[in-house]
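To start, the structure under review is shown below, and the notes come after it.
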Protein chains: 2
Amino acid sequence: MLEPVNNRMPISPQIYERLRRAITTLAMLPSEALSEQDLAQQLGVSRTPVREALIRLADEGLIDILPQRGSFVAPIRLSDVEEAQFIREALEVSVVQKLAGHGSSAFIAAGRVNLAQQAKAVAEGDRELFLELDEGFHRSLCEEAGLPKSWRVIQVVKLQMDRVRYLSLPEPGHLETLLAQHVAIFEAVETGEAKQAGARMAAHLREVLRTVQRLNVARPDLFGQ
Amino acid sequence: MLEPVNNRMPISPQIYERLRRAITTLAMLPSEALSEQDLAQQLGVSRTPVREALIRLADEGLIDILPQRGSFVAPIRLSDVEEAQFIREALEVSVVQKLAGHGSSAFIAAGRVNLAQQAKAVAEGDRELFLELDEGFHRSLCEEAGLPKSWRVIQVVKLQMDRVRYLSLPEPGHLETLLAQHVAIFEAVETGEAKQAGARMAAHLREVLRTVQRLNVARPDLFGQ
DNA sequence: TCATACACACTACCATGGTAGTATGTCAAC
DNA sequence: GTTGACATACTACCATGGTAGTGTGTATGA
């Protein structure tokens with residue numbers, strides 16, 4: 001299930017990355033046990049780098065470490081997801097408000113390319129590709145605004161929403177809605193309408209939250225607390 | 001300099017806590033080396049928990065780990081401090097806006113006590129106590145708003161400002177200004193004036209940033225990049 | 001005098017062994 | 001059948017040894 005690591009590069013970050021991906025894509029389900037020993041064997045490494053990866057994941061709220069008992073994939077806590085949404089909204093609204101009217105021409109050009117690719121992905125029904133472009137879209141807003149740390153924060157809190165989004169049910173017209181919102185946000189940023197940009201970003205992120213809440217009804221087994 | 005740890009409790013978090021405090025209080029200065037080996041000896045523990053603490057501190061941007069070379073207290077990067085301020089402002093403004101008019105009576109009572117203590121600390125010129133009460137004031141806003149994770153984020157980005165604030169020059173009337181701003185924010189929260197509360201919080205946090213910028217001029221040796 | 005090769009001391013990094021603490025299953029006593 | 005004590009099999013946690021990579025000083029060459 002987990003392929004051996006690349007020995008030419010630092011091991012601990014590699015393990016962190018794989019586990020994070022496994023958790024956010026729900027390859028590892030909530031409350032599943034994560035033994036240092038087992039993981040080390042599966043990956044063909046020692047327990048030390050595994051342990052370090054687990055600690056990082058625990059800091060980010062993706063796993064729960066119970067001392068002398070075990071480590072487990074954290075349940076999806078609706079309160080955590082809702083607060084993640086709150087944090088994202090506060091930050092990203094401020095980001096686009098700051099960015100509005102100040103995007104470089106290179107940024108504008110790259111944004112248009114990204115949105116075109118999003119449209120293509122939607123047309124082809126390629127959900128996974130769309131989510132990837134989605135992530136790139138939001139990241140580029142932070143980077144262009146000169147706010148890399150903000151993106152880091154967003155990325156971490158976003159993890160809580162990601163693993164539900166990943167499996168969220170294919171609803172007709174949903175991707176189209178998200179794409180249209182992206183386009184609207186980008187337009188407001190491009191023309192410098194700061195307030196509009198912020199309002200549209202807020203509406204967009206609330207749409208994402210609704211996805212999660214629907215899933216809470218459809219798959220209560222994934223949720224906890 | 002560093003006292004031995006308490007063996008009855010998990011060691012790694014203890015070390016993290018001590019190093020964090022040492023860095024934010026400038027007991028350890030920027031660019032100072034932090035050797036796993038040395039720290040382990042000083043603390044009377046092995047290198048493993050020290051290493052885990054260093055990794056956490058690196059994640060939070062307080063130290064820089066250069067593979068196979070060493071770990072060093074991170075310089076104060078003005079760009080980091082400015083972005084920390086941006087993040088705090090975005091979050092805390094949203095927090096007080098959400099909280100305004102919804103504080104419980106217990107919260108209001110506790111807030112008044114805290115502000116009275118702040119006033120006493122200011123009157124007595126007890127800077128350290130004031131900073132502690134200041135932290136408690138901001139934390140209580142997040143907690144009462146039901147946003148513990150937000151406080152965690154704020155706490156982490158705040159670290160960047162803390163170590164400069166800690167040594168920042170005693171300016172006549174500065175603490176009085178901060179206290180007055182706290183009172184004004186609290187009033188707006190109490191009476192439910194959400195917009196006012198947000199605006200006052202923004203002004204307050206910008207005042208804090210100015211402190212840092214003054215210090216950049218006075219003590220350029222602490223800054224880097 | 002200056003440039004270059006090289007030995008050495010140092011680092012973070014990973015592997016591995018040992019320990020205290022927790023849960024679980026088994027068996028005896030009631 | 002129920003409850004309690006106890007052995008056992010896990011766990012995370014810390015200690016320690018070994019290794020590859022990096023910087024620095026030193027000797028050797030021109």
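Since the model is a prediction, treat every value here as computed from it, not as a measurement. Residue numbers start from 1 in every chain, and the chains themselves are labelled A, B, ... in the order their sequence lines are given, proteins ahead of strands.
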If you pin A:Pro49 and A:Pro67 to their nearest nucleotides in DNA chain C, which one's is more 5'? A:Pro49
Please tell me which of B:Pro10 and B:Gln68 maps to the more 5' nucleotide of DNA chain D, matching each residue to the nucleotide holding its nearest heavy atom. B:Pro10
Rounding to a whole Å, what distance do you find between B:Leu39:CG and C:dT11:P? 10 Å
Classify B:Ile15 by what it touches in the nucleic acid, base, sugar-phosphate, or nothing, heavy-atom distance under 4.0 Å. nothing
Between A:Asp162 and A:Arg21, does any NZ, NE, NH1 or NH2 come within less than 4.0 Å of an OD or OE carboxylate oxygen? no
Considering every strand and a 4.0 Å limit on heavy-atom distances, what is the contact class for B:Ile55: base, sugar-phosphate, or nothing? nothing
B:Asp38 CG to C:dA9 C1', in whole Å, measures 13 Å
Salt bridge check: are A:Glu82 and B:Lys98 linked by an N-O gap of less than 4.0 Å? no
Donor on one side chain, acceptor on other, A:Ser104 and A:Glu144, under 3.5 Å: yes
Residues B:Glu52, A:Arg51: salt bridge by 4.0 Å N-O rule: yes
Going by distance alone, is a donor N or O of one side chain under 3.5 Å from an acceptor N or O of the other, for B:Glu83 and A:Ser150? yes
Using a heavy-atom cut-off of 4.0 Å to chain B, what are the terminal contacting nucleotides of DNA chain D, in 5' to 3' order? D:dC14 to D:dG23
For the residue pair A:Gln42 / A:Asp38, report whether a side-chain donor-acceptor contact shorter than 3.5 Å exists. no
Given atom CZ of B:Arg47 and atom P of C:dT11, what is their separation to the nearest angstrom? 10 Å
